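Here's the structure we're looking at; comments come further down.
Being a predicted model, the structure only gives us computed values, none of them experimental. Letters A, B, ... mirror the listed sequences (proteins, then strands); counts begin at 1.
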2 protein chains.
Amino acid sequence: MANIREIAKLAGVSVTTVSRVINNHPYVSENKRKAVLKAMETLNYKRNIHAIHLAKGRSNMIGIVLPNIDHPYFSQFVEGVAEEAIKHHLQIVLFQTNYEIAKELDALESLRGNLIDGLIFCSRAISLDILYQYNDYGSIVLCEDSDQSIYPSISIPHEQAFQFGLEYLIAKGHTKIAYTLGRREGPNSFKRMQAYEKMMKRINQNIRKEWIFDKCLSITDGSEVMSKFKALKEKPTAFLATNDQVAAGLLLGAKKLGYTVPNDIAILSFDNQPIAELMDISSISIPIKKIGALSVSTLLDTNNQSSKKMILPFKLYERSTV
Amino acid sequence: MANIREIAKLAGVSVTTVSRVINNHPYVSENKRKAVLKAMETLNYKRNIHAIHLAKGRSNMIGIVLPNIDHPYFSQFVEGVAEEAIKHHLQIVLFQTNYEIAKELDALESLRGNLIDGLIFCSRAISLDILYQYNDYGSIVLCEDSDQSIYPSISIPHEQAFQFGLEYLIAKGHTKIAYTLGRREGPNSFKRMQAYEKMMKRINQNIRKEWIFDKCLSITDGSEVMSKFKALKEKPTAFLATNDQVAAGLLLGAKKLGYTVPNDIAILSFDNQPIAELMDISSISIPIKKIGALSVSTLLDTNNQSSKKMILPFKLYERSTV
DNA sequence: TTGTACGCGTTATCAA
DNA sequence: TTGATAACGCGTACAA
């Protein structure tokens with residue numbers, strides 16, 4: 001409860017001097033500094049962070065917007081953010097939105113209300129129009145393959161990567177290719193769908209709606225898709241999966257249903273997480289942690305270069321499922 | 001930028017009245033309320049959260065201390081916390097510690113400095129002695145099978161659950177039982193080790209250090225343990241695994257090395273997450289999300305019952321790996 | 001090198 | 001039903 005004034009009184013100095021000692025400012029004589037430190041000790045002083053935030057107008061906290069933390073992609077992303085944040089003495093506030101726009105607005109309002117200095121959109125549902133309204137209230141970084149020009153964005157080139165995956169499957173002799181998506185509405189999904197349509201046109205294949213599975217994010221989702229695959233009259237020969245979890249589910253589901261991989265059905269996925277290596281799943285790597293870390297440094301850097309787009313490299317890891 | 005005073009001026013009322021309107025207090029005439037709301041609208045008013053925190057002495061933020069978020073156990077835990085927190089309009093601040101005591105101290109200092117109103121220790125490395133020094137600075141909840149009596153704790157009965165798992169393996173004919181641990185130092189691990197020693201004594205088995213594998217948390221860790229298993233002269237016939245990830249790694253590693261499960265080696269794990277169901281791994285469930293959710297409500301409740309210990313039930317799901 | 005005095009934006013108290 | 005004013009605790013011109 002002891003505040004800076006009580007310390008000053010006990011130490012026989014002014015509050016300014018106390019403040020200087022606390023913040024390691026120069027121009028404090030050694031004996032006064034000692035007196036202040038001693039007073040702080042005896043009164044068990046702790047500074048009130050809210051007062052600092054109020055006085056400074058900043059909080060050294062940043063927010064992360066994500067649908068749900070309980071998914072390897074997002075938790076790894078946050079891990080990358082956390083590691084970088086700690087270097088800059090930033091605290092992290094989590095906004096789990098479940099893709100609800102109202103919750104994303106909460107996060108934006110927290111930015112407007114100065115709770116956080118900046119906001120990282122790991123994945124968003126809200127429209128860019130609304131996002132633009134918050135342009136003045138703090139830094140915002142988008143982690144998506146975005147073509148807008150207001151906010152900095154960081155991602156891999158999703159369209160190109162998806163096309164690369166399709167070309168790889170085609171080169172392996174596949175023309176009947178199905179794919180899974182997290183959710184149709186996301187900007188990254190949109191890029192993936194574009195790549196798919198383009199490539200199918202190139203190899204003269206019709207787009208079959210029943211070969212496109214959305215809402216696929218988890219290992220369980222992948223397994224369920226495999227059951228749907230079984231019921232399909234006309235079957236694809238390959239899957240391009242949202243991520244390694246879905247691919248693992250597909251693989252396990254396939255084995256359970258008696259299909260052999262890659263003979264009956266080939267599987268290629270994204271992310272290249274440990275599970276892909278362990279289950280020997282061919283996967284296109286995405287540097288998730290790095291994207292997280294870069295989103296922090298970009299956030300801090302945002303004064304200078306307010307709307308740059310960063311594109312990170314992806315890489316194919318060939319394994320046994322294609 | 002507009003603050004409460006400017007609103008007051010424009011609306012022709014006092015700051016008190018503005019504050020009343022903002023906080024839905026009674027005793028504001030309808031026309032003044034309208035005038036205030038209009039002024040807020042035209043000046044694009046947003047309240048400064050730091051000023052509120054300072055004036056109120058609270059922040060409506062809670063902290064979570066965990067080693068690293070990029071693990072299904074912890075991310076699911078946080079998911080449980082987040083879902084409960086949102087019901088109480090609480091924000092979540094993440095403290096990723098990597099089991100470093102200094103980082104745990106950071107979190108405690110944030111509690112002391114009023115940044116957060118309460119702190120949840122999902123897993124801790126710091127000693128209870130030090131923890132006790134922060135008893136006055138806010139609520140603390142421990143999510144461990146703890147016998148201390150200062151802070152509320154929430155967990156499953158780890159010793160009992162581990163014993164239950166061992167008894168199950170023994171009933172299935174196993175006497176040569178190995179196990180994996182997250183880290184030796186944790187309170188939960190200690191309980192598990194106790195149970196192990198007790199049960200081995202009961203069935204007249206020596207404790208073999210080389211059958212105890214620590215630092216096992218991930219799927220990769222499990223796979224590596226299996227390689228060590230291969231090099232073992234005298235081999236156990238069963239593994240009790242830290243969690244489903246480790247079990248999955250053990251299972252995949254076993255298959256890769258040509259062992260059959262459960263004939264060559266049986267595997268039983270904890271958590272019962274989706275991957276266990278999908279890979280048909282026998283597992284003892286832990287209600288992780290529920291523990292997370294309860295930790296929040298306990299935190300809020302902590303005035304009344306400052307040191308209760310909550311023990312949640314576990315349950316065995318028998319599958320094909322034992 | 002030190003201190004005074006004010007600003008930060010809001011809530012709470014008390015008098016009217 | 002309203003408003004003046006004092007906290008809340010710290011940072012920082014500016015003066016000395």
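Residues Arg112(A) and Glu109(A) are paired through a salt bridge, judged by an N-O separation under 4.0 Å between the basic side chain and the carboxylate. Remark: Glu144(A) engages Arg124(A) in a salt bridge, criterion side-chain N to carboxylate O under 4.0 Å. At a threshold of 4.0 Å, the pair Asp117(A)-Lys56(A) does not count as salt-bridged, since none of the basic side-chain nitrogens sits closer than that to a carboxylate oxygen.
As judged by a 4.0 angstrom heavy-atom cut-off over every strand, Val15(B) is placed among the base-contacting residues.
Atom CD of Glu41(B) has 12 or fewer heavy atoms from other residues, nucleotides or ligands within 6.0 Å. Heavy-atom contacts from other residues, nucleotides or ligands closer than 6.0 Å to CZ of Phe190(A) number 12 or fewer. Counting heavy-atom neighbours within 6.0 Å of Lys290(B) NZ, excluding the residue itself, gives a total of 12 or less. Counting non-hydrogen atoms of other residues, nucleotides and ligands closer than 6.0 Å to OH of Tyr134(A) gives a total above 12.
At a non-hydrogen distance threshold of 4.0 Å, Ser29(B), Lys32(B) from residues 29-37 of chain B come into contact with DNA chain D. Scanning residues 50-58 of chain B for heavy-atom distances under 4.0 Å to DNA chain D yields Leu54(B), Ala55(B).
Per the geometry, CE belonging to Met40(A) stands 16 Å off P belonging to dG9(D), to the nearest Å. In this entry the distance linking CG of Leu115(B) with C1' of dG9(D) reads 15 Å, nearest Å. To the nearest angstrom, C1' of dC8(C) lies 13 Å from CG of Asn48(A). Look at NZ on Lys9(B): it is 14 Å from P on dG9(C), rounded to the nearest Å. Note: CZ (Arg5(B)) to C1' (dT5(D)) measures 11 Å, nearest angstrom. Taking atom CG on Asn3(A) and atom P on dG9(D), their separation rounds to 5 Å, with Å as the unit. For the pair Asn23(B) CG and dA12(C) P, the computed distance is 7 Å after rounding to whole Å. Whole-Å rounding puts the Ile4(A) CD1 to dT12(D) C1' distance at 11 Å.
Asn31(A) and Ser29(A) share a side-chain donor-acceptor pair at under 3.5 Å.
Counting all heavy atoms, side chain and backbone alike, Ile116(B) lies closest to Leu111(B) at O-CD1, 3.5 Å.
Direction change of the helix axis from one end of the helix from dT1(C)-dA16(D) to dA16(C)-dT1(D) to the other is 40°, with five pairs defining each end axis (rounded to 10°).
Remark: Leu37(A) pairs with Val21(A), Arg33(A), Met40(A) by the side chain to side chain contact (heavy atoms under 4.5 Å, CB included) rule, at least two apart or across chains. Taking Tyr132(B) as the reference, Tyr151(B) meet the ring pair (Phe, Tyr, Trp, His ring centres under 6.0 Å) condition, with sequence neighbours excluded.
Between Ser14(B) and dT2(D) there is no side-chain N or O to OP1 or OP2 distance below 4.0 Å.
The side-chain heavy atoms of Asp147(B) and Lys191(B), taken from C-beta on, include a pair separated by under 4.5 Å.
For the pairing with Ile120(B), the side chain to side chain contact (heavy atoms under 4.5 Å, CB included) check across Leu66(B), Ile291(B), Ile62(B) returns one residue only, Ile62(B).
Stacking of Arg20(B) on the aromatic ring of Tyr27(B) is not recorded, the 6.0 Å distance cut-off and the 45° axial limit not both being met.
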Do any N or O atoms of the protein come closer than 3.5 Å to N or O atoms of nucleotides 13-16 of chain C, and which pairs are they?
none

